[in-house]
Amino acid sequence: MSAAPRQRQVPDKPSLDGVEARWDRVWTDEGTYTFDRTKTRPEVYSIDTPPPTVSGSLHVGHVFSYTHTDAVARYQRMRGKAVYYPMGWDDNGLPTERRVQNYFGVRCDPSLPYEPGFEPPPEPPKQQISISRPNFIELCERLTSTDEKAFEDLFRRLGLSVDWSLVYATIDERSRRVSQRAFLRNLARGEAYQQEAPTLWDVDFRTAVAQAELEDREQPGAYHKLVFHRPAGAGDIEIDTTRPELLAACVALVAHPQDTRFQPLFGTTVTTPVFGVEVPIRAHELADPDKGTGIAMVCTFGDLTDVTWWRELNLPARSIIGWDGRILASPPEAITSESGLEAFARIAGKTVKQAQAAVVELLQESGELRGEIRAITHPVKFFEKGDRPLEIVATRQWYIRNGGRDPVLREALLARGRELRWHPEYMRHRYESWVAGLNGDWLISRQRFFGVPIPIWYRLDDEGVAIYDEPLVPDQSRLPIDPSTDVPDGFDAAQRGVPGGFMGDPDIMDTWATSSLTPQIGGYWQESDEAVAGLYERVFPYDLRPQAHDIIRTWLFSTVVRAHFDDDSLPWTDTALSGWILDPDRKKMSKSKGNVVTPLALLEQYGSDAVRYWSTSARPGVDTAFDEGQMKIGRRLAIKLLNASKFTLSLGPAGGDAVLSEPVDQAMVERLADLVGEATAAFDAYDYARALERTEAFFWDFCDNYLELVKGRAYGSQGDGPAASARAALEQSLETLLKLFAPFLPFATEEVWSWWRDGSVHTSRWPDEAALRHGADREVYRVATDVLGAARRAKTEARKSLRAAIESMVVSAPSADLARLALARTDVMESGNISSLDSAIGDELGTVVTLAPDPA
RNA sequence: GGGCGCGUAGCUCAGUUGGUUAGAGCGCUGCCCUUACAAGGCAGAUGUCGGGGGUUCGAGUCCCUCCGCGCCCA
């Protein structure tokens, strides 16, 4: 239902200046986008909004993808849904941590007790001050709150129809509580577990990282040919390795079981060069006969294949790399010879790079390096945020099962992917290939500080050694807790860290372990607060997860995992994937490449509607070039909408009993019904771009042709009845077009709406195709505009003004079209300034135009 | 190596299930101060639809193959 017509107030000079601030204030005051908590699940459309990382800077990518979601949200709201559209800020994690360290000059030491009222010095000190984790988190929150303000301002200016009363941050108390609660439930059901195992490790951040955070980078490397010795002078074996620095960690050689060159050697031993350690020769299918000399050395651990060999061949662990990425001070027990120990002393404490140079030197001295060192480039695994290659070290870590080690679970999660509706559809392949390729469970513990703590303590035995097998868990009513300051039930604070006492788990959870719960956080899952009782059931499973396609393997997948475990459900029915912004050279825009455009300047220059127009012109999922040209077009469209509306509304109202008596008006409205049908179907398929394109094309034609065709009649040139028909058609089409444009141009449409209607266009009902459809002959409109176009063309070709008079015009066309022309004759003659219009039967439309002579 | 997407006018892109002479905007050219709009309007020109082969009465659209670009996975 549309609001009742009222007195019109059309400005003399319509303008977009200041509309953003003005309407944002009205929408906030009126609660236009406030979620109606009385609505039941079928009446709700809920969105699991991506929380942007606020410690990064604003860029156009934010504007782009969030506008796509907002267009859908506005459409659903106009369809009568109570739209649940919260906003979250992702402030949890490494980027914030690094900023806080530099900004305040502090570092986190989780072993320290909380110091109430701690204030950092006004100037960051040269020597960083060590503070407790809760104090550190307080500073993180202080810094992120200003960043969050900037994001909110931007999103408000952009016109996102978010319910700003539903804001959360991924480090806030509620998020920590939800995150810990979900973890403890995973633990109780056996979906979370801890294990001491070889782990991919970033030596700079000094934390474990998960498979989802890896990326391969092509790196220079070099093959070194090393000589291993068979016993009793039986000869040497050459192996090629890119990591000679790990020679001291060598535990075996492996070759392929079918490789006849090495079959006789399986089960025998060799001694390593330099260090003189005896190691076995074993067979394994992962050994590649075509790589190097066909036989490889296994070290603990050079890469993930080493881990597989170590595990499947039951080899000993002989680690030499510490958490700081340096060679350990003391040698593995297996090195016993004097020369071996001396050699190890020469690499102890060195970085991997330095150690490699030292080992090469040792090999050269002993003559156990054969031939030249051959430079190659090869893919090396990095933490996506890291600068040095990952090492593999054995550590105790927490995991959540994700199907990487369990075919049954993997299949269940693949089935979830098939159950989910993807927009665009082909994005589901990303999910499938990722899940199919998982090679281990999800490692969620991080050896960092600014994050949600693992809510676990351990008893210490009489020697002060932690008993990991029997973790102490808090009662859920205590959540959130920080085990570095909170004390487990049955203990007192004095028992922390002493034999017979307890210790807190020092780790935090991976940021994705919290982000994977945005549906639960955003929906106030299991929160006891009266005000939110029953809310979760009204929004879950959500209708939509919008996000960028590059985080399908992290955010989307991990969210599916959590909901699968805790709700036995998909977290949402649909997901819409946005593309990236590319700079004009087709490169992904990113901060590190220095080609980021700040969005606020764009919003100021072109206006929010114009920037939204550019964003929503991009097809779902398609990477899109940054194009200010499109923003100029969007601005022109918004201004055109103001002007066309001003014209329409300045004609005066049609009157309550106006009838669409004229065939041209009926034909235009019939086409409008077609448009509504197309736009609705497009939105229902999440193709906002199509809805915009069709609406825009209709609108320009409407302005160029229909308005020109009926202008005179609407002013009253043909009498009251025909004028009322034109005005009624104009009012219907204006109202409809405003609604169709509202999801894209919320400010311009609201501005016009306010000239003649009460309430907000954004809470008005989406137009109804059936109500506009009367079965009129659309072709009347086509014939009339074709003839008008021919008249204009004749004038243009004669270099005359479009106002110039046509003395006579003869239209030839099939009889059916001539009959249609007759129905629009007066409008065509008036708008074309045609004195005499005749017709003749012909196969196709043709015109002969005689212009009036120029006035003397 | 496997998978997905893309390749259409100088540029950015639409082209639903195959159906007349392939579209839009920008840019370009020309005209017009027309009672909504000159930071505008009207009109015009512009294409071996990446190459080749096939199916069909008919292919930008379906099939095969090759080339180029991007991404995902291993």
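Computed from a predicted structure; not experimentally measured. Scope of the values below: all heavy atoms of this structure, side chains included, with no hydrogens, waters or symmetry mates. Per chain, numbering begins at 1; letters A, B, ... match sequence-line order.
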Compare the minimum distances between each of B/A43, B/U12, B/U34 and the side chain of A/R803, then state the nucleotide with the smallest one. B/U34

For the atom pair CD (A/Q9) and CH2 (A/W756), what is the distance rounded to the nearest 0.5 Å? 14.0 Å

Is A/K632 touching bases, backbone alone, or none of the nucleic acid, heavy atoms closer than 4.0 Å? nothing

State the dot-bracket string of RNA chain B. Criteria: Watson-Crick or G-U wobble, both atom distances under 3.5 angstrom; notation: ( ) intrastrand, [ ] crossing earlier pairs, | interstrand, . unpaired. (((((((..((((.....[...)))).(((((.......))))).....(((((..]....)))))))))))).

Are any protein N/O atoms closer than 3.5 Å to N/O atoms in nucleotides 72-74 of chain B? If there are, list each pair with its distance.
{"residue": "B/C73", "atom": "OP1", "partner": "A/R553", "partner atom": "NH1", "Å": "3.0"}
{"residue": "B/A74", "atom": "OP1", "partner": "A/Q211", "partner atom": "NE2", "Å": "3.3"}
{"residue": "B/A74", "atom": "OP1", "partner": "A/G437", "partner atom": "O", "Å": "3.1"}

Verify the ring-centre separation between A/Y613 and A/Y606: is it less than 6.0 angstrom? no

Please tell me which of the listed nucleotides, B/C4, B/C37, B/A14, lies nearest to the side chain of A/E708? B/C37

Would you say that more than 12 heavy atoms from the other residues, nucleotides or ligands in this model lie under 6.0 Å from the CG of A/D720, or not? no

Just the rounded figure in Å: distance from P of B/U16 to CD of A/E693. 11 Å

Of B/A43, B/C26, B/U34, the nucleotide closest to the side chain of A/I633 is B/C26

For A/E432, report the nucleic acid contact type (base, sugar-phosphate, nothing); a contact means any heavy atom under 4.0 Å. nothing

Is it true that A/F557 and A/W442 have ring centroids separated by less than 6.0 Å? no

Rounded to the nearest 0.5 Å, the CH2 atom of A/W309 sits from the CG atom of A/D303 at a distance of 7.0 Å

Just by distance, with hydrogens left out, do A/E830 and A/S717 show a side-chain donor and acceptor under 3.5 Å apart? yes

Among B/G30, B/G44, B/C32, find the nucleotide with the atom closest to the side chain of A/S801. B/C32

Of B/A38, B/U12, B/C31, the nucleotide closest to the side chain of A/K13 is B/A38

A/Y706-A/F647 aromatic ring centre distance below 6.0 Å: no

Assert: residue with more 5' nearest nucleotide on RNA chain B, out of A/D627 and A/N705, is A/D627

Using 4.0 Å as the upper bound for N to carboxylate O, is an ion pair formed by A/D406 and A/R401? no

On RNA chain B, does the nearest nucleotide to A/Y426 precede the nearest nucleotide to A/E696 from the 5' side, or the other way round? Give the residue. A/Y426

Would you mind classifying the nucleic acid contact of A/I639 as base, sugar-phosphate or nothing, using non-hydrogen atoms under 4.0 angstrom? nothing

Minimum-distance nucleotide to A/R636 side chain [options: B/C31, B/G41, B/U34]: B/G41

Does A/R428 reach a base, just sugar-phosphate, or nothing at all? Heavy atoms under 4.0 Å. nothing

Starting the side chain at C-beta, find the nucleotide from B/G15, B/C4, B/U12 nearest to A/R690. B/G15

